[in-house]
Colleague: 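Take this structure first; my questions come after.
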Amino acid sequence: AIGAAIYEEMERDESVLMWGVGVSASGATWGEAAGLEKFGERVKGTPIVEQAVLGSGMGAALTGSRPIVNMGTAGFMMCAAEGMLFEVGGLREEFGYTGPMPLVIFCRIGVGAGFGGHHTASTEAYVMHSPGLKVAVPSNPYDAKGLLKTAIRDDGPVVFMTTGSFGFTVKQEIPAEEYLIPFGQADIKREGSDITIVAWASIMPKVLAAAEELGKQGISVEVVDPRTLVPLDIKSIVKSVEKTGRLLIAHDAMKRGGAAGEIAFRVAEEAPDVWQKLKNPMRRIAAKNVALPRSRELELQLIPNVEDIVATVKDMV
């Protein structure tokens, strides 16, 4: 799905370029570039120097190209945090720049591989805290293709955080015809009436599995996938919570300082009547506040699983 999005956009627009860690026209480490041989020098591998990958992408985006820079994982992307958060994200406000900067910063988030923080970190909250950056967090291949095409065509910088260290955990048929998914438009992955769960990216399969199990026990779960965290479709979240009267926010990132806190507070700020009428307090489920070890067995004990989600929902309902 991701490879198809890149291929179609490079074929449509010759200003679209791609380079980064592990990239080559034959697919190399990550595979997103597979089949791009026809585009020649527009696809390049780079040394593992994240600051240079990002900086060259910013320069290209400011001078007429539409680059996709592959940072590998979200953990390694943070090696270029200063440039991403302050130079790319802050350029307009700090220096008054008013022109386009169509840069896609591509990385992977999500746990489960047991390779430690650099390879399995979920850093979406860090990126959300930067001004000027849009943040896309697809949870499945269909959404990934539509959101990536939208990101490539956007005239501002987008951090595109695809799911999992080694790809999605679900497979889908992807339509042959072109489609785009607008930013700031959440998707109801499952309709329900007893509780709303807001989730994205790598935790989504676990949330849907928990919702299926809870349905067998007579608890109706509505699952809302924001698809982009910036911009955030708070109206769809509020509408769901207004219907169910309960809100649980789930992510695989560490709990402290995670995106769940921002979403919960947005609900309280923008819909105080809904917040005051909740049947019980909002809750969040997330990874423990510790570094992820280089051990899959230990990591799985520190991140939410299906049973944790089921137990939390039953406690709330």
Colleague: Do any N or O atoms from the side chain of T196 and from the backbone of S240 form a donor-acceptor pair under 3.5 angstrom?
Modeller: yes

Colleague: Are the side chains of I152 and I68 in contact, using a 4.5 Å heavy-atom criterion?
Modeller: yes

Colleague: Looking at I174, is its backbone amide N or carbonyl O close enough to the side chain of Y179 to form a donor-acceptor pair, meaning the two atoms are under 3.5 Å apart?
Modeller: no

Colleague: Identify the heavy atoms of F160 and P138 that sit nearest to each other, and give their distance.
Modeller: CZ-CG, 3.8 Å

Colleague: Who else is in the cluster with L248 when I, L, V, M, F, W and Y are joined by side-chain contacts under 4.5 Å?
Modeller: I195, I197, I203, M204, V207, L208, L214, I219, V221, V223, I285, V306, I309, V310, V313, M316, V317

Colleague: Do Y7 and L36 have side-chain heavy atoms sitting under 4.5 Å apart?
Modeller: yes

Colleague: Where is the tightest heavy-atom contact between A260 and W200, given as atom of each residue plus distance?
Modeller: N-CH2, 4.3 Å

Colleague: Can you find a heavy atom in the side chain of K145 that is under 4.5 Å from one in the side chain of I2?
Modeller: no

Colleague: Below 4.5 Å, heavy atoms only, C-beta onward: do M71 and R108 meet side chain to side chain?
Modeller: no

Colleague: About how many Å separate CG of D154 and CE of M101, when rounded to the nearest 0.5 Å?
Modeller: 11.0 Å

Colleague: When you look at E11 and K38, which way does the salt bridge (charged side-chain N to carboxylate O under 4.0 Å, His left out) test go after all the steps?
Modeller: CA-CA 9 Å; E11 192 168 48; K38 67 175 290 184; 3.1 Å; yes

Colleague: Less than 4.5 Å apart, any side-chain heavy atom of L232 and any of E262?
Modeller: no

Colleague: Which value, rounded to the nearest 0.5 Å, describes the distance between I6 atom CD1 and M10 atom CE?
Modeller: 8.5 Å

Colleague: Measuring from S122:OG to L292:CG, what's the distance to the nearest 0.5 Å?
Modeller: 8.0 Å

Colleague: Look at the side-chain heavy atoms of Ile, Leu, Val, Met, Phe, Trp and Tyr, link any pair under 4.5 Å apart, and say whether V49 and M18 land in one connected group.
Modeller: no

Colleague: Name the atoms and distances for all side-chain donor-acceptor pairs under 3.5 Å in residues 93-100, with sequence neighbours left out.
Modeller:
unit_1 : atom_1 : unit_2 : atom_2 : d
Y97    : OH     : P100   : O      : 2.5

Colleague: Suppose we screen for side-chain hydrogen bond (donor to acceptor under 3.5 Å, both in side chains). Which residues come up paired with S65, at least two apart in sequence or across chains?
Modeller: none

Colleague: Locate the shortest heavy-atom distance separating L133 from L85; write the atom from each residue and the value.
Modeller: CD1-CD2, 4.4 Å

Colleague: Is there a donor-acceptor contact under 3.5 Å linking the side chains of K314 and Q217?
Modeller: yes

Colleague: Going by side-chain hydrogen bond (donor to acceptor under 3.5 Å, both in side chains), name the residues that satisfy it together with D315, two or more places apart in sequence or in a different chain.
Modeller: R283

Colleague: Looking at P272 and E270, what are the two nearest heavy atoms and their distance?
Modeller: CD-C, 3.5 Å

Colleague: Show the numbers, then the answer: is there a side-chain contact (heavy atoms from CB on, under 4.5 Å) between T312 and E307?
Modeller: CA-CA 9 Å; T312 302; E307 291 74 21; over 6 Å; no

Colleague: For the hydrophobic clusters of this structure (ILVMFWY residues joined by side-chain heavy atoms under 4.5 Å, transitively), does one cluster hold both F265 and I249?
Modeller: no

Colleague: Where do L229 and P226 come nearest, in terms of heavy atoms and distance?
Modeller: CD2-CG, 4.1 Å

Colleague: Name all pairs fulfilling the salt bridge (charged side-chain N to carboxylate O under 4.0 Å, His left out) condition that reach into residues 206-224, sequence neighbours left out, sorted by first residue then second.
Modeller: R190-E212, K206-D252, E222-K243

Colleague: Count the heavy atoms belonging to other residues, nucleotides or ligands that lie under 6.0 Å from NZ of K235, then report whether that count exceeds 12.
Modeller: no

Colleague: For M254, which residues count as a side-chain contact (heavy atoms from CB on, under 4.5 Å) partner, sequence neighbours excluded?
Modeller: R256, N289

Colleague: If only atom types and distance count, is the side chain of R66 paired as donor or acceptor with the main-chain N or O of L17 below 3.5 Å?
Modeller: no

Colleague: Is there a side-chain contact between V69 and L103 in this structure, where contact means two heavy atoms from C-beta onward sitting under 4.5 Å apart?
Modeller: yes

Colleague: Would a distance-only check, ignoring hydrogens and angles, find a side-chain to backbone donor-acceptor pair under 3.5 Å from D194 to S220?
Modeller: yes

Colleague: Out of curiosity, S15 OG to R42 CZ, how far, rounded to the nearest 0.5 Å?
Modeller: 7.5 Å

Colleague: Listing request: all side chain to side chain donor-acceptor pair (under 3.5 Å) pairs with a residue in residues 47-58, at least two apart in sequence or in separate chains.
Modeller: W19-S56

Colleague: Is the number of heavy atoms from other residues, nucleotides or ligands within 6.0 Å of CD (E191) greater than 12?
Modeller: no

Colleague: Looking only at heavy atoms, which two atoms of P102 and P67 are closest? And how far apart?
Modeller: O-CD, 3.5 Å

Colleague: Test of understanding: with side-chain hydrogen bond (donor to acceptor under 3.5 Å, both in side chains), list the residues that count as partners of D233, not counting sequence neighbours.
Modeller: S236

Colleague: L180: which residues meet the side-chain contact (heavy atoms from CB on, under 4.5 Å) condition with it, sequence neighbours left out?
Modeller: K149, T150, R153, E178

Colleague: How far does CZ of R246 sit from NZ of K279, to the nearest 0.5 angstrom?
Modeller: 5.0 Å

Colleague: Could you check if a side-chain atom of R284 sits within less than 4.5 angstrom of a side-chain atom of I263, using non-hydrogen atoms only?
Modeller: no

Colleague: Between D13 and V16, does the side-chain contact (heavy atoms from CB on, under 4.5 Å) criterion hold? Intermediate values first, please.
Modeller: CA-CA 6 Å; D13 183 351; V16 178; 3.9 Å; yes

Colleague: Using the test side-chain contact (heavy atoms from CB on, under 4.5 Å), find all partners of P231 that sit at least two apart in sequence or belong to another chain.
Modeller: K134, F183, T228

Colleague: For A136, is there any backbone N or O sitting under 3.5 Å from a side-chain donor or acceptor partner on R227?
Modeller: no

Colleague: Does a side-chain heavy-atom distance below 4.5 Å link I303 with L300?
Modeller: yes

Colleague: side-chain contact (heavy atoms from CB on, under 4.5 Å) between M58 and E87: does it pass, once the steps are laid out?
Modeller: CA-CA 9 Å; M58 180 180 180; E87 306 298 340; 4.0 Å; yes

Colleague: Can you tell which of T163, T162, D187, D225 makes a side chain to side chain donor-acceptor pair (under 3.5 Å) with S139?
Modeller: D225

Colleague: Taking I234's backbone N and O only, do any of them form a donor-acceptor pair with R266's side chain (distance below 3.5 Å, no angle check)?
Modeller: no

Colleague: Apart from F76 itself, what residues make up its hydrophobic cluster when side-chain heavy atoms of I, L, V, M, F, W and Y under 4.5 Å apart count as a link, directly or indirectly?
Modeller: none

Colleague: Carefully, step by step, assess T123 and M77 under the rule side-chain contact (heavy atoms from CB on, under 4.5 Å).
Modeller: CA-CA 9 Å; T123 62; M77 179 180 68; 3.9 Å; yes

Colleague: At what distance, to the nearest 0.5 angstrom, does CE of M84 lie from CG of L54?
Modeller: 7.5 Å

Colleague: Can you sort out the partners of R12 under side-chain hydrogen bond (donor to acceptor under 3.5 Å, both in side chains), two or more places apart, ordered by chain and number?
Modeller: E9

Colleague: Can you check whether N305's main-chain N or O pairs, donor with acceptor, with D308's side chain at less than 3.5 Å?
Modeller: yes

